[in-house]
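Quick one: the structure is below, and I'll ask about it shortly.
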Amino acid sequence: MQRRQKQVLVLVLDVLLVIIAAPIAYSLRVGVLDFGSMAVASVWAVTIPAAIVIFALTGVYSTIFRYAGIGMLRGLVRTFVVYGGVVAVTFTVGGIAGVPRTVGIIQPIILFILVAASRITLRFLFVEMLGRHNYQGNIKRVLIYGAGNAGQQIASSLRTEPEMQVVGFIDDDKQTVGRKLDGVAVSWSGEIEKIIKSKQVTDVLLAFPSASRRRRKAIVDSLQQFKVVVQTLPHMRDLADGTVSLSDIRPVEVEDLLGREPVEPNEELLDRTIAGKNVMVSGAGGSIGSELCRQIAAIGAAKLVLFEISEFSLYRIEKELNDRAKEAGDTALAQVEIVPVLGSITDRMKLNETLARHKIDTVYHAAAYKHVPLVEANPIEAIKNNTLGTFEMVRAAKKAKVSDFILISTDKAVRPTNVMGATKRAAEQVIQTFAKASKSSRFSMVRFGNVLGSSGSVVPLFRSQIEQGGPVTLTHKEITRYFMTIPEAAGLVIQAAGMAKGGEMFVLDMGKPVTIDQLARTMVQLSGLEVRDADNPDGDIEIVEVGLRPGEKLYEELLIGESPEETQHERIMKAHEDFASWDLLKDALETLSSTRDPKTAIDLLKTIVPEFNHQPLGSTASGADNGTAQSDDNAAEPELTLSQPDPAADLVPDLGNEGLGSDPAPTRH
């Protein structure tokens, strides 16, 4: 039906209820059933037009019946305050011959009961009966874990969804057991297995947004044995208005499975390299880079330069930050000047120009190629970007007399077995060399493992494979990885920078390593499915082991040496690690800048990173670096000319003239 038709139909229904309410009110007053006297007709003459006009003006006919609830009842109360006042003034105060004055009070009460009952009844018919009866898919039988305010609010939202039916509540508090919330019984969490089986539960919704991650993990672990889909509400701090709705429901995130509690940041450490300063983030559109930008802007930098080679990534993070600034009002975020710069970290002139023009105080260097198989197939480009690009960044930062420079590194740099890890370890040594030589600029590094939800991360890959019906592919069943959330990693990076004095290798506490096989199994089970294997051939999703990729390790490490030092932050450690001499590093970088032969480049990496135990790629991918075909642009690419006279050879560079290479003509990218 059209909306206007529905409104007319409801109007006719209300007129019928007014007609019914009048004789009921009159009969209750006089004690005799009377449905057609002149007195009743007098009541009709006043109440019918009054109800039509007042109901229309107060928005009664804008209500959608299928969503009728407490809000609808509040609206009706407001309407009947007006309606009751008009009727009471007419009959009780003014008086009409033949009509008892108390009818002016009784009739609005009777009518309110009839109108409210009609709305609730129709809502029940539309949603509970017709909606669920006509729904073509499988109706989800939802058990809500948590009988508090959040659980009650989400239950109210679910009642309007014909594909979902709330069949019960579960709570840890035994005092709530036996009670009913909106007609649905509350049971004790210790009986959850019996409840799931007896009520044929298909979905469990965790509705305790204030619970700690440790508590969430314990509950999730207890639910893994059941074939149910587990979903949750975000933390209460993410529910800005304190109310809960259907849109807040999300799948259980991996951070809920880790049980790792966030630590309150040290505001003093956050502010030192950012507050009121001009900050540049390279790789600003990447997973870590973009989160660094969000937190840097929120802390209150004077200027934030977004340096990024990908046009779309740069557009996306700039738009997000500007949108947030508009919504922020008069806060630190709204005062930050956002400057997008499209460029490559291998473009020496672009870096010099950007750092000088914007008078940068702090650089967070997050730009890097990080996907192990792609880097293995393209070692020349990886070396050019990850190692030589870092050299160019550091060189430009030194020339611009930047106060703080922080390299974002990776656990794959520790005793690397792949090109990506080796290029990052070489980049670390570039930082260490410059840090030893510098007296004015502080160069430091922060090393950590995998972050959840980053581009190419295993978690979204597993989720996509599960949604497609499998199989879920993992490289080795014994492989383990450290995991951390992107916001936590970025926050710790900034706080580590706040402690830097120059040359430090900060290592983040990643918690306990996670077995990827167990992670995959947990994600399958929390999707309400079963793993198909030899013990359960009738399961839903198969987990397939495809073998380690070239250069991939079973176990990642965070330290090269032993006995890291504690710092003033409980989740940040400090390590001391040896590095190559400047003479060796300079010669290797010079050759790396000119070679197009992957084997030569990898051999050079081994001289810089002697612990590099390379596991070579079996075959070269199409279009990957092969050291043979070169375009004219590649052949004409300028060298870094590191071999010219170098006042930094003794690791005490002239701050006025860097001398680590002349500025070549701009390179096309």
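As the structure is a computational prediction, the values presented were derived from the model and not from experiment.
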Side chain to side chain donor-acceptor pair (under 3.5 Å) involving E545 - partner list, sequence neighbours excluded:
none

For a side chain to side chain contact (heavy atoms under 4.5 Å, CB included) with F448, tell me which candidate from T410, V507, I408 qualifies.
I408

Quick one: side chain to side chain donor-acceptor pair (under 3.5 Å) partners of T515, sequence neighbours excluded?
none

Side chain to side chain contact (heavy atoms under 4.5 Å, CB included) for V524 and T522? Distances and angles first, verdict last.
CA-CA 5 Å; V524 170; T522 300; over 6 Å; no

Let me confirm one number: the CD-CD1 distance from E291 to I296, rounded to the nearest 0.5 Å.
10.0 Å

Would you say that V419 contacts V372 through its side chain, given a criterion of any heavy-atom pair below 4.5 Å between the two side chains?
no

Heavy-atom side-chain proximity of E318 to E308 below 4.5 angstrom
no

Under a 4.5 Å cut-off applied to non-hydrogen side-chain atoms, are L292 and I288 in contact?
yes

Within the 4.5 Å heavy-atom criterion, are V544 and V472 side-chain neighbours or not?
no

How about E376 and H614: does a side-chain donor come under 3.5 Å of a side-chain acceptor?
yes

Whether the side chain of N378 engages the backbone of L374 through a donor-acceptor N/O pair (distance < 3.5 Å, no angle test) should be reported.
yes

Please report the closest heavy-atom contact between A489 and L508, naming both atoms and the distance.
O-CD1, 4.1 Å

Show your working on side chain to side chain contact (heavy atoms under 4.5 Å, CB included) between N536 and V531 and close with a plain yes or no.
CA-CA 7 Å; N536 185 20; V531 175; 6.0 Å; no

Sorted by chain and number, sequence neighbours left out, salt bridge (Lys or Arg N to Asp or Glu O under 4.0 Å) with D171 holds for none

Shortest non-hydrogen contact from V167 to V184?
C-CG1, 3.8 Å

Contacts of F169 meeting ring pair (Phe, Tyr, Trp, His ring centres under 6.0 Å) (sequence neighbours excluded), chain-then-number -> none

As an exercise, state the distance from CG of N613 to NZ of K606, rounded to the nearest 0.5 Å.
7.5 Å

Given K197 and E193, is the salt bridge (Lys or Arg N to Asp or Glu O under 4.0 Å) satisfied, shown in steps?
CA-CA 6 Å; K197 291 179 179 178; E193 180 175 3; 3.2 Å; yes

Under the side chain to side chain donor-acceptor pair (under 3.5 Å) test, which residues partner Q468, sequence neighbours left out?
S464

E566 bridged to K574 by N-O distance under 4.0 Å
no

What pair of heavy atoms forms the shortest contact from K370 to V375, and how long is it?
N-CG2, 4.4 Å

Strictly below 4.0 Å, N to O, side chains only: are R324 and E327 in salt-bridge contact?
no

Counting only N and O atoms by type, is there a donor-acceptor contact under 3.5 Å from the side chain of T202 to the main-chain atoms of R141?
yes

Straight-line distance of N266 CG to I494 CD1, nearest 0.5 Å:
12.5 Å

Can any side-chain N or O of T423 pair as donor or acceptor with the backbone N or O of T387 at less than 3.5 Å?
no

Pairwise side-chain contact, V546 with L474, heavy-atom cut-off 4.5 Å (strictly under):
no

Taking S290 for the side chain and S287 for the main chain, is one N or O donor matched with an acceptor at less than 3.5 Å?
yes

Main-chain N/O of I541 paired to E530 side chain as donor or acceptor, under 3.5 Å:
no

Side-chain contact test, heavy atoms from C-beta onward, threshold under 4.5 Å: evaluate it for I406 versus H365 and give yes or no.
no

What's the verdict on side chain to side chain contact (heavy atoms under 4.5 Å, CB included) for I192 and L143, showing C-alpha distance, side-chain angles and the deciding distance?
CA-CA 10 Å; I192 191 168; L143 180 66; 4.2 Å; yes

I'd like to check V446 versus L407 (side-chain heavy atoms, cut-off strictly below 4.5 Å). Are they in contact?
no

Partner set under side chain to side chain donor-acceptor pair (under 3.5 Å) for S222, not counting sequence neighbours:
none

Nearest 0.5 Å, what's the CD1-CG distance between I309 and N385?
7.0 Å

Short question: side chain of H476, backbone of E478 - any donor-acceptor pair under 3.5 Å?
yes

Quick check against the 3.5 Å criterion: does Q465 have a side-chain atom that pairs as donor or acceptor with the backbone of G470?
no

Taking side chain as C-beta onward, heavy atoms only, is V204 less than 4.5 Å from V229?
no

So OH of Y145 and CG of L223: to nearest 0.5 Å the spacing works out to 7.0 Å

Applying side chain to side chain contact (heavy atoms under 4.5 Å, CB included) to R425 and E611, what does each step give before you reach the verdict?
CA-CA 10 Å; R425 177 60 190 141; E611 66 272 21; 3.8 Å; yes

If you look at every heavy atom in I602 and F612, which pair is closest and at what distance?
CG2-CE2, 3.9 Å

Treating N386 as the side-chain partner and Y369 as the backbone partner, does any N or O pair qualify as donor plus acceptor under 3.5 Å?
yes

Minimum-distance pair of heavy atoms, taken over all atoms of V609 and P416
CG1-CG, 3.9 Å

In plain terms, say whether E542 and R532 are close enough for a salt bridge, that is, a side-chain N and a carboxylate O under 4.0 Å apart.
yes

If you compare all heavy atoms of L333 against all heavy atoms of A298, which two are closest, and at what distance to 0.1 Å?
CD1-N, 4.2 Å

NZ of K319: more than 12 outside heavy atoms within 6.0 angstrom?
no

Step by step, work out the salt bridge (Lys or Arg N to Asp or Glu O under 4.0 Å) result for D533 and R521.
CA-CA 11 Å; D533 54 21; R521 290 177 178 274; 3.5 Å; yes

Between E428 and K424, does at least one N-O distance fall below 4.0 Å, as a salt bridge requires?
no

With rounding to the nearest 0.5 Å, note down the distance linking CD1 in I479 to CG in L519.
11.5 Å

